[in-house]
Amino acid sequence: MTRSEREKSLTRRYVNQSFRMPSGRPHGPGGGPGGLHGPGGPGPGGPRGRGPGMHARGGGQPKNSGAVIRRLLTYLQPDRFMIMAALIFVLVSTAANLAGSYMLRPIINTYIAPVDGSRGSVSGLAGAILVMAAVYLTGVLASYLQSRIMLTVAQSALLRIRTDLFARMQKLPVRFYDTNSNGDLMSRFTNDVDTIGNMLSSTLLQLFSGTLSIIGTLVLMLYTNLYLTVITVFLLPLMMKAGSAVAGRSQKYFSAQQTALGALNGYIEETISGQKVVKVFCHEETAKEEFDILNDSLRTKQIKAQFLGGLMGPVMNNLSQINYALTACIGGLLCVLKGFDVGGLTVFLNFSRQFSRPVNELSMQVSNVFSALAGAERVFSVMDEEPEPEDAKDAFVPEALRGEVTLSHVTFGYDPDRVILKDISLYAKPGQKIAFVGSTGAGKTTITNLLNRFYDIQSGSITIDGMDIRRISQNELRKNIAVVLQDTHLFTGTVMENIRYGRLDATDEEVIQAAKTASADSFIRRLKNGYDTVLESDGANLSQGQRQLLNIARAAISKAPVLILDEATSSVDTRTEKHIEHGMERLMADRTTFVIAHRLSTVRNADAIMVLEDGNIIERGDHEELLKQKGRYYELYTGLSELE
């Protein structure tokens with residue numbers, strides 16, 4: 001594969017293309033296809049694993065810039081009166097600058113080079129200069145106020161954008177996070193939102209003030225001398241044509257730059273979170289090569305975008321210099337031949353320079369506008385993602401669930417054209433322990449995803465206490481299902497706060513009791529600050545087993561009647577596993593428990609064991625019954641076959 005092909009492949013992987021594991025299951029614990037480790041290599045997976053990024057385009061210009069702009073304006077609507085005030089100050093500032101510039105004409109003609117040949121008055125000159133200084137000072141004050149107001153407006157708009165973006169992400173289904181890169185999503189929260197902020201805080205005002213300056217300067221130029229105005233304006237179409245030509249070419253590169261930045265951030269985030277895996281498999285050089293490819297891709301796109309965006313200034317500046325020189329030459333001739341006053345020529349040359357400056361500034365803002373529009377489109381693409389289906393109109397909140405779970409003829413596939421579970425039926429009574437075993441990709445975790453309604457089934461039904469879970473309020477359903485995953489995740493905060501995450505209204509006493517149930521109380525009390533010990537970096541100051549015990553305590557405090565243990569002990573050693581099992585045994589008491597395990601020794605005491613292969617339950621029974629059948633479970637348990 002050539003470097004160019006690898007670059008396209010990596011960019012698609014981290015930003016554009018939505019793909020799944022061969023089993024059809026989204027990236028969960030374990031590796032994902034391709035990427036850092038090559039096809040099928042070990043990877044961090046899951047939320048920290050690779051994802052393709054958004055279902056959005058990579059590169060190119062926004063499909064509808066007008067729609068993006070209108071949508072951005074809605075975030076400015078609440079501050080419309082502040083914006084009006086800022087625009088008034090822009091008007092005052094522009095008028096003051098223009099008036100101050102024009103005041104040079106009477107000052108020169110009256111006090112410095114009087115047209116009637118008389119001597120000017122020093123006191124009169126001083127007074128005129130003081131008036132001009134007051135006018136300019138008014139402009140400076142107005143400019144300060146407009147900048148201060150727009151900074152407030154921009155940050156308020158960004159607050160609303162971030163709030164809406166974060167709120168929408170809380171409503172997106174698990175499918176979205178299974179198929180998108182964390183790094184790319186973070187890039188939208190930071191880099192893309194920042195580009196919007198830069199445009200709102202400065203670019204909008206500069207566009208408005210630049211437009212006013214051009215109009216005001218043109219009016220004063222016409223008033224000062226019609227012939228010189230025609231000469232000055234003569235080059236304006238050429239300047240606009242050059243500006244639009246550069247802008248048209250640069251827009252696509254700014255969008256591509258944002259996409260490349262998202263891809264690089266996604267790769268960095270994944271590689272850092274999976275650094276141990278990188279080192280274990282000696283993939284440092286491979287990681288560096290792939291990083292260099294993405295980094296070089298970003299550099300190339302940034303150079304093209306910034307070069308074309310920066311080219312606007314020099315092009316316009318050179319054209320304005322030609323315009324200035326031509327105006328000065330012809331203006332000098334008019335002074336000699338037509339008696340044009342020196343003050344008028346001085347003011348006009350100043351206006352000629354002022355006329356070019358806002359044109360240059362407007363052209364220079366093109367790059368900011370295109371970057372902001374590209375970033376806004378990426379942000380809005382997240383906001384426009386389909387949220388998790390809302391509760392049905394007849395959804396209800398049951399008073400209390402006992403945990404009687406039934407799957408009846410359930411068929412499901414993450415991709416409707418590729419079925420993962422095929423006509424699955426099973427029954428679990430309250431207090432029973434049901435175990436799922438089988439090869440990777442057989443559909444074990446998929447069943448637990450369906451119980452939580454992270455995905456909805458294509459056919460069949462799933463009921464709890466005889467009620468179809470699609471008729472139960474989603475929040476209420478998930479409050480009644482506690483989950484302990486293989487990959488632990490702890491939040492920055494105290495041990496007490498992390499356990500209480502399972503039920504926020506739990507008292508301190510209930511938290512401590514949950515820790516005792518999970519066999520975590522003893523190690524917590526040995527910590528320096530006990531339950532008030534602050535955990536950082538996902539509990540990096542704890543061992544893997546201790547982190548898992550806190551996860552179990554979190555599940556214990558929820559008091560949910562249904563418990564899911566998804567390979568909860570597969571990442572710890574055998575001794576730690578035995579310690580964790582004591583906590584889990586107390587946790588499973590009086591709960592309907594579903595266990596997914598690769599270590600078959602952990603499911604020996606299950607009331608029923610389901611052996612899944614290729615989406616079908618091929619064997620079911622308790623440990624002794626399945627051993628007597630000498631089928632697939634017997635092969636797995638005795639080591640005659642391995643879990644693939």
Side-chain angles (χ1 to χ4, degrees), residues 28-29 44-49 166 169-170 174 177 182 185-186 269 272-274 276 448 452 454 475-573 576-577 579-589 591 593 595-596:
R48 298 181 180 179
F166 190 80
M169 294 185 74
Q170 303 311 302
V174 171
Y177 294 100
N182 278 5
L185 294 178
M186 287 302 301
E269 193 275 341
I272 290 176
S273 63
K276 288 183 180 179
T448 61
N452 280 285
F454 292 151
N475 285 342
E476 195 64 26
L477 172 67
R478 290 168 187 169
K479 285 179 182 178
N480 284 275
I481 300 177
V483 182
V484 179
L485 299 171
Q486 172 188 3
D487 294 329
T488 61
H489 185 80
L490 300 174
F491 298 92
T492 299
T494 65
V495 171
M496 180 80 73
E497 291 168 341
N498 270 275
I499 297 176
R500 188 178 280 122
Y501 199 84
R503 184 161 55 88
L504 297 179
D505 60 353
T507 64
D508 290 354
E509 291 72 20
E510 289 176 316
V511 170
I512 294 172
Q513 184 56 48
K516 291 179 178 178
T517 300
S519 299
D521 179 71
S522 58
F523 93 79
I524 293 174
R525 294 188 182 279
R526 290 196 299 270
L527 297 175
K528 183 177 180 180
N529 296 312
Y531 284 87
D532 294 323
T533 301
V534 176
L535 304 180
E536 299 177 356
S537 301
D538 202 10
N541 49 339
L542 301 178
S543 69
Q544 179 64 34
Q546 290 171 334
R547 293 198 292 270
Q548 192 63 287
L549 289 175
L550 291 186
N551 270 356
I552 295 171
R554 182 189 294 167
I557 204 170
S558 69
K559 297 183 178 179
V562 178
L563 174 65
I564 296 174
L565 304 175
D566 191 348
E567 303 184 44
T569 61
S570 62
S571 58
V572 298
D573 58 79
T576 304
E577 178 185 11
H579 187 61
I580 292 176
E581 282 182 355
H582 291 306
M584 289 197 300
E585 288 296 332
R586 285 193 289 270
L587 181 61
M588 289 186 289
R591 283 182 166 97
T593 306
V595 180
I596 298 173

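Note that the structure is a prediction, hence the values are computed from the model and not measured.
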- Message: Quick check for you: to the nearest 0.5 Å, what is the distance between Q546 atom CD and L535 atom CG?
- Response: 10.0 Å
- Message: If you compare all heavy atoms of G539 against all heavy atoms of L490, which two are closest, and at what distance to 0.1 Å?
- Response: CA-CD1, 4.1 Å
- Item | Any pair counted as ring-ring contact (aromatic ring centres under 6.0 Å, His included), so long as it reaches residues 497-530, sequence neighbours left out | F491-Y501
- Message: Quick check for you: to the nearest 0.5 Å, what is the distance between L485 atom CG and D566 atom CG?
- Response: 6.0 Å
- Message: Suppose the criterion is salt bridge (Lys or Arg N to Asp or Glu O under 4.0 Å): which pairs have a residue in residues 519-535, not counting sequence neighbours?
- Response: D521-R525
- Message: Looking at every non-hydrogen atom in both residues, tell me the closest pair between M496 and D508 and how far apart they are.
- Response: SD-OD1, 3.9 Å
- Under the side chain to side chain contact (heavy atoms under 4.5 Å, CB included) rule, what do I512 and I524 come out as? Steps first, then yes or no, please. CA-CA 10 Å; I512 294 172; I524 293 174; over 6 Å; no
- Check A560 against K479 and note the closest heavy-atom contact, atom names and distance. CB-O, 3.6 Å
- Note on the structure: Closest non-hydrogen contact found for A518 with A553 is CB-N, 3.5 Å
- Query: Is L565 close to T593 at the side-chain level, that is, under 4.5 Å between some pair of heavy atoms?
  - Reply: yes
- Query: Considering residues at least two apart in sequence or located in another chain, which fulfil the side-chain contact (heavy atoms from CB on, under 4.5 Å) criterion with D505?
  - Reply: R503
- Check V534 against N541 and note the closest heavy-atom contact, atom names and distance. O-ND2, 3.4 Å
- Item | Euclidean distance, E509 CD relative to Q513 CD, rounded to 0.5 Å | 10.5 Å
- Task: Can you run down the salt bridge (Lys or Arg N to Asp or Glu O under 4.0 Å) pairs that involve residues 540-564, sequence neighbours left out, and say none if there aren't any?
- Result: E510-K559
- Closest contact, heavy atoms only, V484 versus A555: CG2-CB, 3.7 Å
- Note on the structure: Residues at least two apart in sequence or cross-chain that pass side-chain contact (heavy atoms from CB on, under 4.5 Å) with T492, listed by chain then number, are none
- Are side-chain heavy atoms of T533 and L542 found at a separation under 4.5 Å? no
- Task: Could you check if a side-chain atom of N452 sits within less than 4.5 angstrom of a side-chain atom of I564, using non-hydrogen atoms only?
- Result: yes
- Query: Heavy atoms, side chains only, cut-off 4.5 Å: are T448 and V483 in contact?
  - Reply: no
- Message: Suppose we screen for side chain to side chain donor-acceptor pair (under 3.5 Å). Which residues come up paired with N480, at least two apart in sequence or across chains?
- Response: none
